[in-house]
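Worksheet: one structure, shown below.
FYI, side chains are in, hydrogens and waters are out, and symmetry mates aren't considered; it's all heavy atoms of this structure. Throughout, protein chains are lettered first and strands after them, A, B, ... in sequence-line order, and every chain is numbered starting at 1.
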Amino acid sequence: MSEEFDFDVAIVGAGPAGISAALTLAKAGIETVVLERGQYSGAKNVSGAALYGPILNELVPNYWEDENSFERYLTTKKITLLSESKSVTIDADLRNFNQVPYNGVTVIRPKFDRWLADKAEEAGAMILPDTMVEDLVWNDKQIVGVKSGEEVLKAKLVIIAEGANTMLVEKAKLAKKPKPRHFALGMKETYKLPKKKIEERFHLDDNEGMNNEILGYSKGIPGGGFYYTNQETVSFGLILNMDVLTKKKLKAPEVFEEFKEHSYVKKLLKDAEMIEYSAHIIPEGGFKHMPKLYGNGVLVVGDAAGMVLNAGLYIEGINFALESGKVAGEAAIEILQTNDYTKKQTKLYKKKLKESFAYKDLKTFKRASHFLENKMMFTYVPDLLTGLFEKLLRNNGYPRKRIVTSAIGYVFKKGKLFGLIKLLIGAVRSL
Amino acid sequence: MSKSNKPKTLEEKLDLTKITTDQNYAHIEINPEICKAKCTTYDCVYGCPADCYKFTEEEEAEGPVVFDYVACLECATCRIICPHGSVDWKYPKGGFGVEFKHS
């Protein structure tokens, strides 16, 4: 097979996964092009959003010295359970996370993605915005490039980093069209809130950040709310399991609005002015529903590879995107040296990925997504815990019982004991 | 800064997001024949975060649901959610569609 190639590697999508691959390749002197359908990197992207400092530091050493890279470093994590008019919050204040390279940092995607894309460009990658890749170019059973309108761009390897909507992965015959039960819908609002107010409200020092996961009060639909502090904005949203949402015949934007009516959420958003509304699908099939990660002339990274984890305490997307992109870049460098771009060589990517923390985490928590579909987590458990605290703390003039006696009595009275035991067993097995 | 306590309507929320509409190209189209013949659940109406899918009872409507792509946030929910293959889903052409600035 003799082909004329325009580039060594063509990457579809300039999000964290695509740019991470491009940066890795460009640093090694590989001719790399990234095709981005948005007006700039991050223009089409929606996420929480936070990422791990150590991973970013590997890609861009001393990233924190550039103030455009991140918003705040995370020192406070809250997990809140909501029921009608009540809430219980676990508040982990971890100020020792204030050391570089930082444990986690919040980012604004249009800003962060563009900043990261600039790094890839500085390293020598070419980034083409406003370029929609509609299809792949085939030579028999080998993918040899991409198509955008009438334009054909030939490359020895194509890296698909198209995100959660896997249209090219399906065209590459690496996955079938996915099912709604393996997806959630995320809706997000960005609010302007003065820096001083953010810091006062959440007891943060300069540049420290807080993030809050919120379970319950979502009409019994598996999912949950999220809240991240940026410098002068906050990112707030609600994630809903698609299948349950439609079976309940509830409209997504209305469920979101009702969620915002809870007094706990109202306090989070007090005095804040909404400046943007966005939404996107989130792959939640987990380890068992990832597509095939490689084919003849092709590698798949990030959300497109289904590399998203929801394990309650750990909600990962950008980190896995950065890591899988980096691993794909490293594998591609070796594959190119063999002059063989078929599956025989591209499988190296999967071999390397299996050694990465991202793949291992997905495997460790492979039962988590199924566990978190258990509807009891989103109604019964928040009701039980908020109700229990109310019972224990209410002063009504009667002599108190021992705390343990009260608690056990309350749990028995609430019923669904078998369901609760099953849930606990599920938690032990999957988390 | 406005501190009005009244929640924003969905239209007001969508107005905040910058969308460059391609007047000559509807990136998503539905097939009302399929909707009429096969659909009983109308998942698109419930799933769409931008209310692009609406029930209609207009006499001249070709199917039970009407769709308008103008406010589309390109989230892809309808592509995944429609069990009948009635949604022909493509992205807007390069440079068109949503442009998030703060997300």
key: Distance-minimising heavy-atom pair for B:Thr20 and B:Phe96   = O-CD2, 3.6 Å
message = At a 4.5 Å cut-off on heavy atoms, which part of A:Lys111 comes close to chain B: side chain, backbone, both, or neither?
response = neither
Member of A:Glu284, A:Lys288, A:His289 meeting the side-chain hydrogen bond (donor to acceptor under 3.5 Å, both in side chains) criterion with A:His182 = A:His289
query = For A:Lys260, does the NZ atom sit with more than 12 other heavy atoms under 6.0 Å from it, leaving out its own atoms?
reply = yes
key: Test item: A:Leu240 and A:Phe256 side chains (from C-beta on) under 4.5 Å apart, heavy atoms   = no
key: chain B interface, residue from A:Lys248, A:Met187, A:Glu134, A:Lys177 that has the most non-hydrogen pairs under 4.5 Å   = A:Lys177
inquiry  = Is A:Ala49 close to chain B through its backbone or its side chain, or both, or neither, when contacts mean heavy atoms under 4.5 Å?
reply    = neither
message = Tell me if the CD atom of A:Glu170 is crowded by more than 12 foreign heavy atoms within 6.0 Å.
response = yes
remark   = Heavy-atom closest pair (A:Thr106 atom, A:Thr229 atom, distance to 0.1 Å) is OG1-O, 3.0 Å
query = Given that the side chain runs from C-beta out, which part of A:Glu257 has a heavy atom under 4.5 Å from chain B: side chain, backbone, both or neither?
reply = side chain
inquiry  = If I measure from the heavy atoms of chain A, does B:Leu73 come under 4.5 Å with its side chain, its backbone, both, or neither?
reply    = both
A:Lys247, NZ: over 12 other non-hydrogen atoms inside 6.0 angstrom = no
key: Under 4.5 Å from a heavy atom of chain B, the part of A:Ile275 involved   = both
Parallel, tilted or perpendicular: rings of A:Phe112 and A:Trp115 (30°, 60°) = tilted
ask   = Which of residues 37-45 of chain A get closer than 4.5 angstrom to chain B, counting heavy atoms alone?
value = A:Arg37, A:Gln39, A:Tyr40, A:Gly42, A:Ala43, A:Lys44, A:Asn45
message = Tell me which of these, A:Leu250, A:Leu245, A:Asp243, A:Ile282, has more heavy-atom pairs under 4.5 Å with chain B than the rest.
response = A:Leu250
Contacting moiety of B:Pro83, where chain A heavy atoms sit under 4.5 Å = neither
Interface residues of residues 53-68 of chain B facing chain A - non-hydrogen atoms under 4.5 Å apart = none
ask   = Side chains of A:Ile318 and A:Ser47: does their closest heavy-atom pair fall under 4.5 Å?
value = yes
Greater than 12 external heavy atoms within 6.0 Å of A:Met126's CE = no
inquiry  = What part of B:Cys82 gets within 4.5 angstrom of chain A, counting heavy atoms only: side chain, backbone, both, or neither?
reply    = backbone
query = Is the backbone of B:Lys101 close enough, under 3.5 Å, to the side chain of A:Glu276 for a donor and an acceptor to pair up by distance?
reply = yes
key: B:Lys8 with A:Glu189: basic N within carboxylate O range, under 4.0 Å   = no
Chain B interface, residue from A:Met167, A:Arg114, A:Lys188, A:Arg109 that has the most non-hydrogen pairs under 4.5 Å = A:Met167
task = Looking only at non-hydrogen atoms, find the nearest pair between A:Pro291 and A:Val169 and report the distance.
result = CB-CG1, 3.9 Å
key: Heavy-atom contact with chain B under 4.5 Å, split by part of A:Glu261   = side chain
Heavy-atom pair of closest approach, residues A:Val133 and A:Leu168 = CG1-CD1, 3.8 Å
inquiry  = Given heavy-atom pairs under 4.5 angstrom as the criterion, report whether the side chain, backbone, both or neither of A:Lys179 touches chain B.
reply    = backbone
request  = Under 4.5 Å, counting heavy-atom pairs only, tell me which of A:Ser278, A:Gly237, A:Ala252 racks up the most with chain B.
outcome  = A:Ser278
remark   = When the 4.5 angstrom heavy-atom criterion is applied to A:Thr233 and chain B, the contacting part is neither
